[in-house]
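Here's the structure we're looking at; comments come further down.
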Amino acid sequence: MRRVTLFVNGTSKNGKVVAVYGTLADLLSVASNKLGIKACNLYNGKGGLIDDIALIRDDDVLYVSEGDPFDPQNDVRTTYGLPRAHTDWLTLNIGGRLFTTTRSTLVSKEPESMLAHMFREKDVWGNKQDERGAYLIDRSPEYFEPILNYLRHGQLIINEGINLLGVLEEARFFGIEQLADQLEVAIKVMNSWPCGCQGLNFSGADLSRLDLRYINFKMANLSRCNLTHANLCCSNLERADLSGANLDGANLQGVKMLCSNAEGASLKGCNFEDPSGLKANLEGANLKGVDMEGSQMTGINLRVATLKNAKLKNCNLRGATLAGTDLENCDLSGCDLQEANLRGSNVKGAIFEEMLTALHMSQSVR
């Protein structure tokens, strides 16, 4: 739901915050009731006439006219010299460090958080400002940065050397509950290393971009997890449930996924290829319908794995072990299968067009 602040044309005081819904006529009707005038026209801060409700953005400042032309206001500038039409932008002074963001960023992602309540409406909390107009908040800038980035794009990204406990404490302080839940899961994973996370339930957790090397996830529930760009080098995912998980761009060098269930998962652009020669082992894995397009899988072990209806387009499968593998209706177009072992594999309905190299199959395939 969008909210706007309405002022009577020619003034900058006694504004009213209203919800935007329905048609432009509906908004004009609300403006008439709230401001006690007969609202006919809406203008933005630059004097542009609003003739379509779709042009109105969340947190816009609008001026309501009874039919008279737009009248510039005397008090329309902030400390930074920006017109009110741009006041969605604001600056925070967090422990001496400045962060510039928008009011909608602080309000939209988690509308019940303390930050949302502090900045949803101007001066409701009596927010203190420094001499430059930046809002003063006495917290750690180091731990606030990943919180602000989360509010901007919804991803938990922690730079190297940042203590997750510190970020969690800030998330709790600011009432960012969804982020706090994700951080608790991430800390649970990190604290389990090197003992392992065997059999633990992380279903639906956001573990993207985390360093998860060598962790034992044997029989863990990672279904629907966000593991994009995670470093899972040499981790143990034997018999783990990865169904519906997103592992796009993950580092899976030397990973062990024996008999794991990754049905319907996305593994696009993953790297299974270990320069040291350690082979990724996915023997017996359930990979029905997975999308592994563009992944590097030189020497990978996919013996007796199920890849029915999987997408392996443009994958590097040089020297891969595919003996006894179910490749029915699998898209292998553009793959490099040089020296791959396909003995006894089921290639019924598989797509082999646009092969990068000739197939070197001395053994028969079913």
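Quantities reported herein were computed from a predicted structural model and do not represent experimental measurements.
- Side-chain atoms of I162 and V167, non-hydrogen and from C-beta on, do get closer than 4.5 Å to each other.
- V64 places none of its side-chain heavy atoms less than 4.5 Å from the side chain of F7.
- Applying the side chain to side chain donor-acceptor pair (under 3.5 Å) criterion to E263, with sequence neighbours excluded, gives N286.
- Panel note: side chain N33, backbone V30; no donor-acceptor pair is recorded below 3.5 Å.
- For the residue pair S243 / S223, no side-chain donor-acceptor distance below 3.5 Å is found, with atom types taken as modelled.
- Under a 3.5 Å cut-off, the side chain of T105 and the backbone N or O of T101 do not form any donor-acceptor pair.
- R139 places a side-chain heavy atom less than 4.5 Å from the side chain of F173.
- Among residues at least two apart or in separate chains, ring-ring contact (aromatic ring centres under 6.0 Å, His included) pairs with a member in residues 141-163 are F99-F144, F144-F174.
- Counting only heavy atoms from C-beta outward, the side chains of L307 and L312 approach each other to under 4.5 Å.
- Here the options are L168, D181, I147, the test is side chain to side chain contact (heavy atoms under 4.5 Å, CB included), and the partner is I176; only I147 passes.
- Using a cut-off of 4.0 Å between Lys/Arg side-chain N and Asp/Glu carboxylate O, E339 and R318 are scored as not salt-bridged.
- Proximity of L232 to L247: side-chain heavy atoms (C-beta onward) are separated by under 4.5 Å at one or more points.
- Using a cutoff of 4.0 Å between basic side-chain nitrogens and carboxylate oxygens, E273 and K279 are not scored as salt-bridged.
- The shortest side-chain heavy-atom distance between D60 and N44 does not fall under the 4.5 Å cut-off.
- A 4.5 Å side-chain heavy-atom check between F119 and M114 finds every atom pair outside the cut-off.
- Between the side chain of Q253 and the backbone N or O of A280, no donor-acceptor pair lies under 3.5 Å.
- Remark: E169 pairs with no residue by the salt bridge (charged side-chain N to carboxylate O under 4.0 Å, His left out) rule, at least two apart or across chains.
- Salt-bridge annotation for R97 and E142: absent, with no side-chain N of the basic residue lying under 4.0 Å from a carboxylate O of the acidic one.
- Judged by distance alone, the side chain of S32 and the main-chain N or O of L28 form a donor-acceptor pair under 3.5 Å.
- Using a 4.0 Å cut-off between charged nitrogen and carboxylate oxygen, K308 and D326 do not count as a salt-bridge pair.
- R303 is linked by a salt bridge (charged side-chain N to carboxylate O under 4.0 Å, His left out) to E283, counting only residues two or more places apart in sequence or in another chain.
- In this model, no donor atom of one side chain and acceptor atom of the other lie less than 3.5 Å apart for N246 and T228.
- A donor-acceptor pair under 3.5 Å links the side-chain atoms of D291 to the main chain of E293, judged by distance alone.
- The list of salt bridge (charged side-chain N to carboxylate O under 4.0 Å, His left out) pairs with a residue in residues 16-45, not counting sequence neighbours, is empty.
- Annotation: side chain of L27 is in contact with side chain of I56 (closest heavy-atom distance under 4.5 Å).
- In the model, D331 has a side-chain atom that pairs as donor or acceptor with a side-chain atom of S333 under 3.5 Å.
- The side chain to side chain donor-acceptor pair (under 3.5 Å) search around S113 returns none, not counting sequence neighbours.
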